[in-house]
Structure formats: C-alpha cells, structure tokens
Novice: 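Shown below is the structure under consideration.
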Amino acid sequence: MTGRTFIISLNLEEGNVLLEALAECPFKSVFELIGKLNQQANQLFASGASPQERQPFNFTEAELSLSLKALGNLPYHRVHKLLEDLNLQIGCQGNQHSTAVSTGYVNV
C-alpha cells in the first residue's frame with residue numbers, strides 16, 4: 001500500500017461506531033489506530049464542536065482499509081449508511097490523486 005492519506009469527516013456517533021468495530025478486532029492490529037482516533041477526537045471535539053458536526057480525521061491508506069474491514073464485520077443495518085458515506089468521501093479524494101483509489105476501498 002502507498003503512503004497516501006485520506007481526510008474522512010465523521011461526527012461523534014459515527015466515530016463511536018468505528019471505534020466499536022475496531023474494538024472487535026485483534027488488539028494487536030488496532031491499538032495504535034484506536035489511540036490515534038481517540039487523540040484526534042479529543043482535539044476536534046474538545047473545542048466545543050457539536051457532536052453532530054462532522055470533523056476531519058486523518059487516516060493512512062492502511063488505517064482506512066483496516067477501518068472498513070472492521071465496519072464490515074458489524075451488522076449491516078448499523079453501518080450501511082456510514083459505509084455509503086465513506087465510499088463517497090474516498091471516491092472524491094481518489095479523483096484528486098493521480099491514480100484511482102483502489103477498488104478494494106471504493107464500492108464497499
């Protein structure tokens with residue numbers, strides 16, 4: 001995987017669903033990402049931002065892949081809207097790069 005980064009906008013509820021999904025994965029593979037997301041959330045939402053307001057989170061390509069796989073393990077009715085939105089966000093950012101976003105991420 002390349003070293004590309006993605007800016008993914010999430011509100012507090014969406015972030016909590018993502019953390020819940022990651023918590024179901026083997027600790028060894030997700031503990032750094034969970035810590036990174038918690039740190040970003042504390043900085044972004046501590047400034048008085050509304051929990052419903054989306055905030056920009058930074059993901060590497062590998063972190064985003066891991067996040068999508070984790071979300072895919074939760075029940076469909078809980079994550080389908082979030083996955084659709086992530087698909088749109090990834091697709092838009094992929095159009096800004098010189099190469100297309102790999103099909104492993106888009107159209108999840």
Side-chain angles (χ1 to χ4, degrees):
M1 281 187 207
T2 65
R4 289 190 293 179
T5 59
F6 294 85
I7 308 297
I8 301 296
S9 296
L10 300 168
N11 63 32
L12 198 55
E13 181 181 345
E14 294 165 337
N16 285 335
V17 170
L18 176 55
L19 289 175
E20 181 183 333
L22 290 169
E24 296 295 323
C25 298
F27 179 75
K28 191 164 118 176
S29 64
V30 297
F31 76 95
E32 289 179 3
L33 177 55
I34 289 173
K36 177 182 172 180
L37 293 173
N38 274 324
Q39 182 179 31
Q40 289 183 64
N42 286 335
Q43 292 173 349
L44 293 167
F45 289 100
S47 64
S50 167
Q52 291 79 29
E53 184 180 334
R54 287 188 159 184
Q55 298 294 324
F57 287 80
N58 296 308
F59 288 83
T60 66
E61 191 171 6
E63 292 167 342
L64 189 54
S65 175
L66 181 59
S67 298
L68 292 172
K69 288 176 186 173
L71 286 167
N73 291 327
L74 290 182
Y76 176 79
H77 73 277
R78 295 204 49 225
V79 297
H80 74 282
K81 290 180 184 175
L82 177 56
L83 287 172
E84 287 175 12
D85 185 65
L86 292 175
N87 183 42
L88 289 173
Q89 290 186 54
I90 293 166
C92 290
Q93 290 181 52
N95 292 335
Q96 297 171 357
H97 290 89
S98 58
T99 58
V101 174
S102 83
T103 57
Y105 306 120
V106 179
N107 298 321
V108 184

Novice: Any chance CD of Glu13 has more than 12 other-residue heavy atoms, nucleotides or ligands included, within less than 6.0 Å?
Specialist: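 Atom CD in Glu13 is not crowded, with 12 or fewer foreign heavy atoms closer than 6.0 Å.
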
Novice: Measure the spacing between OG1 of Thr60 and CZ of Phe6 and express it to the nearest 0.5 Å.
Specialist: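 It comes to 9.0 Å.
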
Novice: When rounded to the nearest 0.5 angstrom, what is the spacing between CG in Leu82 and CG in Leu74?
Specialist: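 Taking CG in Leu82 and CG in Leu74, the distance rounds to 9.5 Å.
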
Novice: Who pairs with Glu20 by side chain to side chain donor-acceptor pair (under 3.5 Å), at least two apart in sequence or on another chain?
Specialist: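 Partners of Glu20 by the side chain to side chain donor-acceptor pair (under 3.5 Å) criterion, ordered by chain and then number, come out as Arg78.
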
Novice: Over all heavy atoms of both residues, which pair between Gln89 and Asp85 is shortest? Give the atoms and the distance, please.
Specialist: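 Here Gln89 and Asp85 meet closest at NE2-OD2, 2.6 Å.
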
Novice: If you take all heavy atoms of Ser29 and Pro26, which pair is closest and at what distance?
Specialist: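 Distance-wise, the nearest heavy atoms are OG-O, 2.8 Å.
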
Novice: Calculate, to the nearest 0.5 Å, the distance between atoms CG and CG belonging to Leu64 and Asn58 respectively.
Specialist: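 These two atoms lie 11.5 Å from each other.
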
Novice: Considering non-hydrogen atoms only, spot the tightest contact between Leu44 and Gln55 and give its length.
Specialist: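 Taking every non-hydrogen atom into account, CD1-CB, 3.7 Å.
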
Novice: Drop me the distance from Phe31's CZ to Lys36's NZ, to the nearest 0.5 angstrom.
Specialist: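 If I round to the nearest 0.5 Å, the distance is 13.5 Å.
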
Novice: Can you name the residues that form a salt bridge (Lys or Arg N to Asp or Glu O under 4.0 Å) with Lys81, not counting sequence neighbours?
Specialist: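 Once residues adjacent in sequence are excluded, Lys81 has no partner under the salt bridge (Lys or Arg N to Asp or Glu O under 4.0 Å) criterion.
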
Novice: So do Ser65 and Lys69 actually touch side chain to side chain, heavy atoms under 4.5 Å?
Specialist: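 Of all side-chain heavy-atom pairs linking Ser65 with Lys69, at least one is under 4.5 Å.
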
Novice: Listing request: all ring pair (Phe, Tyr, Trp, His ring centres under 6.0 Å) pairs with a residue in residues 67-90, at least two apart in sequence or in separate chains.
Specialist: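 Every ring pair (Phe, Tyr, Trp, His ring centres under 6.0 Å) pair that includes a residue of residues 67-90, provided the two are not neighbours, is Tyr76-His80.
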
Novice: Using ring pair (Phe, Tyr, Trp, His ring centres under 6.0 Å) as the criterion, list what pairs up with Phe45, not counting sequence neighbours.
Specialist: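 Not a single residue meets the ring pair (Phe, Tyr, Trp, His ring centres under 6.0 Å) criterion with Phe45.
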
Novice: Using modelled atom types only, decide if a donor and an acceptor are shared between the side chain of Ser67 and the backbone of Glu63 within a distance under 3.5 Å.
Specialist: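 Looks like yes, one N/O pair under 3.5 Å.
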
Novice: Can you tell me how far apart CG (Leu66) and CZ (Phe59) are? Round to the nearest 0.5 Å.
Specialist: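 Leu66 CG to Phe59 CZ: 10.0 Å, rounded to 0.5 Å.
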
Novice: Applying side chain to side chain contact (heavy atoms under 4.5 Å, CB included), can you list everything that pairs with Asn73, at least two apart in sequence or on another chain?
Specialist: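 Not a single residue meets the side chain to side chain contact (heavy atoms under 4.5 Å, CB included) criterion with Asn73.
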
Novice: Measuring from Arg54:CZ to Leu10:CG, what's the distance to the nearest 0.5 Å?
Specialist: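 Those atoms lie 7.0 Å apart.
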
Novice: Report the residues that fulfil side chain to side chain contact (heavy atoms under 4.5 Å, CB included) with Ile34, sequence neighbours left out, ordered by chain and then residue number.
Specialist: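 Ile34: side chain to side chain contact (heavy atoms under 4.5 Å, CB included) contacts with Leu19, Leu22, Val30, Asn38.
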
